[in-house]
2 protein chains.
Amino acid sequence: MRFSDWHVLVDNGFGVTAEFARVRRDILEGIDAIRWPPGAHDFALRPADLRARPQQRNGVKPIKEAFVSLLADRGWRLEHDLFDAHLTLPGGVPFAVEWETGNISSSHRAMNRLGLGMHEGRIGGGILVVPTRALYAHLTDRIGNFAELERYLPLWERWDGEPGFGYLAVVTVEQDRLDPTAPYIPRGTDGLALP
Amino acid sequence: MRFSDWHVLVDNGFGVTAEFARVRRDILEGIDAIRWPPGAHDFALRPADLRARPQQRNGVKPIKEAFVSLLADRGWRLEHDLFDAHLTLPGGVPFAVEWETGNISSSHRAMNRLGLGMHEGRIGGGILVVPTRALYAHLTDRIGNFAELERYLPLWERWDGEPGFGYLAVVTVEQDRLDPTAPYIPRGTDGLALP
DNA sequence: TATGGATCCATA
DNA sequence: TATGGATCCATA
């Protein structure tokens with residue numbers, strides 16, 4: 001999958017550290033590891049067909065697996081009840097990453113969760129990964145997406161400079177290309193996994 | 001329906017004004033106007049049956065109708081693309097109310113929407129109405145509820161004292177009583193519901 | 001029981 | 001097309 005943009009909302013200086021360089025590299029490599037169809041060398045998505053009845057769209061559940069998997073390989077801890085993944089940095093401060101392909105409203109909760117984590121001193125910073133609008137158009141309806149989150153960014157940028165709020169960014173991802181011959185990513189509980 | 005609690009998160013002094021007294025009265029009367037079954041003198045809810053397959057629960061869509069209707073009668077404006085209802089106060093500042101029976105994550109978005117409205121100066125304050133956990137237990141699964149929102153309140157209380165942030169509260173509501181002989185509130189066909 | 005999510009609906 | 005919502009799912 002293709003990394004699109006990195007929107008920094010809060011940065012107390014962490015963004016220029018070596019620790020950050022490592023976080024950034026892990027996340028970019030995690031995004032790059034996402035492939036479709038299984039075994040492909042990139043992420044080629046079958047376009048949604050909104051005229052079909054019922055509409056044909058790609059499901060989202062399997063998408064993040066390769067991402068989370070790579071982070072785990074890189075030493076990140078996966079604890080579903082906290083954040084998708086977090087890494088304890090040399091200074092002893094956990095840094096969290098949330099991959100958000102739930103409903104757009106769930107992205108609001110994820111941002112608030114990162115904010116609360118910083119407010120309570122449980123994490124020093126975090127990143128939310130969401131689809132661009134161009135990717136969103138082909139996935140399950142109403143999935144989190146940057147375009148819709150964008151007008152709320154000023155609310156979260158207010159945290160910049162507050163004690164405990166070390167770093168916060170929204171990272172966007174997109175398909176490498178559309179391919180009408182690719183299979184749709186299965187939806188629902190049929191349990192398909194990316195390799 | 002029964003008013004349960006009024007949790008004030010932000011108050012720049014609005015809470016002691018005559019305008020606030022009017023807002024409060026309208027909201028309390030709006031809550032009181034919610035009845036079940038239709039035509040009843042109170043809100044008597046059939047208990048959810050979580051052992052049945054599929055689970056039997058009450059839908060939420062019709063619940064807020066009487067509330068919103070009463071506010072409209074009291075001069076509040078209903079504009080679905082902004083807030084459920086808002087009232088322009090003598091000072092010229094709109095005050096917003098959101099009735100939240102969407103998913104709990106949608107309650108996070110609603111709080112952020114109120115915050116953004118104050119940040120941008122479009123409203124002077126707002127109120128979010130959500131079910132208590134006791135009401136939540138009998139409604140569509142994962143509906144917004146106070147218990148689950150509670151740990152995030154410190155995040156929104158941080159807005160207190162900030163310019164533009166006049167007033168913010170979370171108001172909770174609950175059934176008057178459970179009644180096994182009452183009909184279930186009908187559900188829609190959203191999400192994964194079978195048609 | 002508790003929490004994060006995934007999916008489809010309604011309407012402007 | 002855009003936004004808020006409503007409904008079940010998976011799993012600890």
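Chain letters run A, B, ... following the sequence lines, proteins first, then strands; residues in each count from 1.
Of the listed nucleotides (D:dG4, D:dC8, C:dA6), D:dG4 has the atom at the smallest distance from the side chain of A:Glu148. With D:dG4, D:dA6, C:dA2 as the candidates, the nucleotide lying closest to the side chain of B:Lys61 is D:dA6. When distances are taken from the side chain of A:Lys64 to each of D:dT7, C:dG5, C:dT7, the shortest belongs to C:dG5. The B:Arg187 side chain lies nearest to D:dT7 when the options are D:dG4, C:dC8, D:dT7. The listed nucleotides are C:dC8, D:dA10, C:dT3; the one nearest the side chain of B:Arg151 is C:dT3. Of the candidates D:dG5, C:dG5, C:dA6, the closest approach to any side-chain atom of A:Val60 belongs to C:dA6.
B:Arg35 has no carboxylate O lying under 4.0 Å from a charged side-chain N of B:Asp42, or vice versa, which leaves the two without a salt bridge.
Using cut-offs of 30° and 60° on the angle between ring planes, the pair B:Phe95 and B:Tyr167 is tilted.
If you measure from atom CG of A:Asp141 to atom C1' of C:dT11, you get 13 Å, rounded to the nearest angstrom. In this structure, A:Glu150 places its CD atom 13 Å from P of D:dA2, rounding to the nearest Å. If you measure from atom CG of B:Asn103 to atom C1' of D:dG4, you get 12 Å, rounded to the nearest angstrom. Atom-to-atom, CG of B:Asn145 to C1' of C:dT3 comes out at 11 Å; the value is rounded to the nearest Å. The separation between A:Ile143 atom CD1 and D:dT3 atom P is 16 Å, rounded to whole Å. For the pair B:Phe83 CZ and D:dG5 P, the interatomic distance rounds to 11 Å; values are reported in whole Å. Between the C1' atom of D:dT7 and the CD atom of B:Gln56 lies a distance of 14 Å, rounded to the nearest Å. In this structure, the OH atom of A:Tyr184 is 16 Å from the C1' atom of C:dT7, given to the nearest Å.
In this structure, A:Thr101 and A:Ile143 approach most closely via the heavy-atom pair O-CD1, 3.0 Å.
Defined by atom type and a distance below 3.5 Å, a donor-acceptor pair is present between the side-chain atoms of B:Arg142 and B:Tyr136.
In this structure, B:Tyr136 reaches the bases: a heavy-atom distance under 4.0 Å links it to at least one base atom across the strands shown. Within the nucleic acid shown, A:Glu100 comes within 4.0 Å of sugar-phosphate atoms alone, with no base atom in reach, counting heavy atoms only. Across all strands, A:Ser105 comes closer than 4.0 Å to no nucleic acid atom at all (heavy-atom distances). Within the nucleic acid shown, B:Thr140 comes within 4.0 Å of at least one base atom, counting heavy atoms only. Within the 4.0 angstrom heavy-atom criterion, only backbone atoms of the sugar-phosphate kind lie near B:Asp84; the bases stay farther away.
The shortest distance between the side-chain N/O atoms of B:Arg113 and the OP1/OP2 oxygens of D:dG5 is below 4.0 Å. Taking 4.0 angstrom as the limit, B:Ser106 places a side-chain polar atom (N or O) nearer than this to OP1 or OP2 of D:dG5. For the pair A:Thr101 and C:dA6, the criterion of a side-chain N or O lying under 4.0 Å from OP1 or OP2 is met.
If you find the closest nucleotide of DNA chain D to B:Asn58 and to B:Arg109, the one lying nearer the 5' end belongs to B:Arg109.
For C:dG5, the base has no donor-acceptor partner in the side chain of B:Arg142 [N/O atoms by modelled type, under 3.5 angstrom].
In this structure, B:Arg77 places its CZ atom where only 12 or fewer heavy-atom neighbours from other residues, nucleotides or ligands lie under 6.0 Å away.
Among the candidates B:Ile63, B:Thr172, B:Leu139, the single residue satisfying the side chain to side chain contact (heavy atoms under 4.5 Å, CB included) test with B:Pro131 is B:Leu139.
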